[in-house]
Amino acid sequence: MPLALLALAIGAFGIGTTEFVIMGLLPEVAADFQVSIPTAGFLVTGYALGVVLGAPLMTLLGTRVTRKRMLMLLMGLFIVGNLVSALAPVFGVMLVGRVVASLAHGAFFGIGSVVAADLVAPQKKAGAIAMMFTGLTVANVVGVPLGTYIGQSAGWRTTFLVVAFLGVIGLLGVARLVPEQPRPGGVRIRHELAAFRNVQVLLAMAMTVLGFGGVFAAITYITPMMTGTAGYAPSSVTWLLVLFGLGMVGGNLIGGRFADRRLMPMLYVSLGSLALVLGLFTVTAHNKAAAAVTITLIGALGFATVPPLQKRVLDQAAGAPTLASAVNIGAFNLGNALAAWLGGLVIAAGLGYTAPNWVGAVLAASALVLAVVSGLLERRTSAGAGRIVAGSSPEPVAVTARH
């Protein structure tokens with residue numbers, strides 16, 4: 001794998017850290033700004049919405065510059081956003097900083113996926129994408145717990161200053177290691193938007209929303225579920241999330257490896273297994289050991305879908321992959337928001353803290369159905385093309401007139 005992938009992974013590590021670390025620092029931020037915890041929660045919601053909106057916006061704005069330069073500009077935007085958050089005098093300014101940082105998220109992963117795939121041979125594209133996303137998964141194992149610890153001991157502002165410094169390292173890495181590729185010729189906004197007419201692209205994005213949404217239906221409410229149902233102490237939740245992160249790392253690498261061999265079968269297996277494990281979590285959540293194992297499996301199976309889904313979008317949007325790739329990153333965050341909302345509804349309905357697991361199972365099963373539909377459509381299209389080739393009329397034979 002090219003060394004340039006390390007620079008992309010470092011950027012992904014910083015982005016993953018700033019996205020999730022706020023969840024562990026909400027009490028400190030709320031106390032500092034003298035707002036309620038639900039109000040502080042807008043820092044999470046605002047970031048997610050910023051990713052959804054920023055992914056297509058920033059990608060379209062970057063169609064007139066090279067991908068390397070756009071990646072550098074995005075890392076610069078990320079640094080500015082985190083510095084604003086760290087130095088914010090009032091809550092509103094911090095919220096603006098979070099949104100500014102989030103605008104870089106979707107476009108960085110979207111453009112980065114295209115760059116990573118272009119750096120390697122065709123049969124290694126999913127593995128290269130997985131290597132970049134390893135930075136995001138490792139952030140949940142190292143960056144988020146360490147950032148939470150720093151924030152709780154040295155102040156939450158210090159955490160965001162450290163994250164901004166990670167952005168500087170990522171920016172320098174991209175500038176030094178990522179090769180300068182010429183801007184793709186003939187790229188126009190209309191050309192990029194045309195990819196969304198492909199039903200396979202839309203199906204892949206719907207799988208992204210539902211499949212990874214299934215993961216967050218359960219993980220969003222992991223703290224009350226583990227403390228109120230499994231019997232864990234609140235201090236143990238951090239280490240349970242580390243297990244979830246370790247599962248994400250393993251699943252991401254496995255998903256990238258097998259997606260390069262047989263992409264659709266990999267999706268069938270990972271989505272089907274994820275639906276099954278999420279359903280079982282309603283039972284295993286009542287036992288400490290079983291719950292810990294299940295959380296690890298959810299992380300592994302959930303992120304095993306990421307490289308194949310991202311590669312699926314790139315393959316189906318061939319010729320104009322940049323915008324589609326970035327929008328698919330926004331689809332992950334859209335799924336997170338949808339699943340968290342649905343999980344909150346079933347809890348509010350009095351169904352208990354394990355009820356979101358059923359929501360997640362249904363979402364993952366729905367993604368599996370879409371994957372099967374996508375595979376059948378692709379097979380039918382290939383068969384139709386084969387029949388046309390087989391039934392083609394022979395080339396006309398030139399006849400020379402004889403006198």
Review point. Between Thr148 and Gln152, is a side-chain contact (heavy atoms from CB on, under 4.5 Å) present by the stated rule, with each step listed?
Key: CA-CA 6 Å; Thr148 302; Gln152 292 175 344; 3.5 Å; yes
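- Counting heavy atoms from C-beta on, the side chains of Val115 and Val178 come closer than 4.5 Å.
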Exercise for review: Determine, step by step, whether Thr66 and Met70 satisfy the side-chain contact (heavy atoms from CB on, under 4.5 Å) criterion, reporting the C-alpha distance in whole Å, the side-chain angles of both residues, the deciding distance to 0.1 Å, and the verdict.
Suggested key: CA-CA 6 Å; Thr66 64; Met70 191 60 193; over 6 Å; no
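- Once rounded to the nearest 0.5 Å, the distance linking CG of Leu246 with CG of Leu241 reads 11.0 Å.
- Rounding to the nearest 0.5 Å places CG of Leu49 at 9.0 Å from CG of Leu334.
- One finds no salt bridge joining Glu28 and Arg157 here, because no Lys/Arg side-chain nitrogen approaches an Asp/Glu carboxylate oxygen to under 4.0 Å.
- Here Leu370 contributes atom CG and Leu377 contributes atom CG; the two are 10.5 Å apart, rounded to the nearest 0.5 Å.
- Between the CE atom in Met266 and the OG1 atom in Thr305 there is a gap of 8.5 Å [rounded to 0.5 Å].
- No option in Leu278, Leu301, Leu297 other than Leu301 meets the side chain to side chain contact (heavy atoms under 4.5 Å, CB included) test with Ser273.
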Exercise for review: For Met225 and Asn357, run side-chain contact (heavy atoms from CB on, under 4.5 Å): C-alpha distance rounded to whole Å, both residues' side-chain angles, the deciding distance at 0.1 Å, then the answer.
Suggested key: CA-CA 10 Å; Met225 193 188 311; Asn357 299 330; 3.5 Å; yes
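- Distance check, rounded to the nearest 0.5 Å: CE of Met132 to CG of Asn252 gives 9.5 Å.
- Partners of Phe216 under the ring-ring contact (aromatic ring centres under 6.0 Å, His included) rule, at least two apart in sequence or in another chain, are Phe212.
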Exercise for review: Take Glu378 and Arg312 through the test salt bridge (Lys or Arg N to Asp or Glu O under 4.0 Å) and record every step on the way to the result.
Suggested key: CA-CA 12 Å; Glu378 187 173 49; Arg312 180 73 172 169; 3.1 Å; yes
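- Rounded to the nearest 0.5 Å, atoms OG1 (Thr159) and CG (Asn82) are 10.5 Å apart.
- A donor-acceptor pair under 3.5 Å links the side-chain atoms of Thr137 to the main chain of Thr134, judged by distance alone.
- Although no hydrogens or angles enter the test, the distance criterion places a donor-acceptor pair under 3.5 Å between the side chain of Lys68 and the main chain of Ala175.
- Within the 3.5 Å criterion, the main-chain N or O of Ser113 finds no donor-acceptor partner in the side chain of Gln310.
- Side chains of Ile22 and Tyr47 form no contact here, defined as non-hydrogen atoms less than 4.5 Å apart.
- For Phe244 and Trp239, the gap between ring centers reaches or exceeds 6.0 Å.
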Practice item. List the steps and the verdict of side-chain contact (heavy atoms from CB on, under 4.5 Å) for Met94 and Val29. Key: CA-CA 10 Å; Met94 185 181 183; Val29 174; 3.8 Å; yes
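- Other residues, nucleotides and ligands contribute only 12 or fewer heavy atoms inside 6.0 Å of the OH atom of Tyr353.
- Within the 4.5 Å cutoff, the side chain of Pro179 has heavy atoms near those of the Leu119 side chain.
- In this structure, the ring of Phe78 has its center no less than 6.0 angstrom from the ring center of His105.
- The closest side-chain heavy-atom distance from Leu71 to Leu8 is below 4.5 Å.
- Between the side chain of Ser102 and the main chain of Val99, a donor-acceptor pair closer than 3.5 Å is present.
- Without hydrogens or angle criteria, Arg98 side chain to Thr18 main chain gives a donor-acceptor distance under 3.5 Å.
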Exercise for review: Any chance you could lay out the side chain to side chain donor-acceptor pair (under 3.5 Å) test for Thr229 and Thr354, step after step, and finish with the verdict?
Suggested key: CA-CA 8 Å; Thr229 303; Thr354 61; 5.9 Å; no
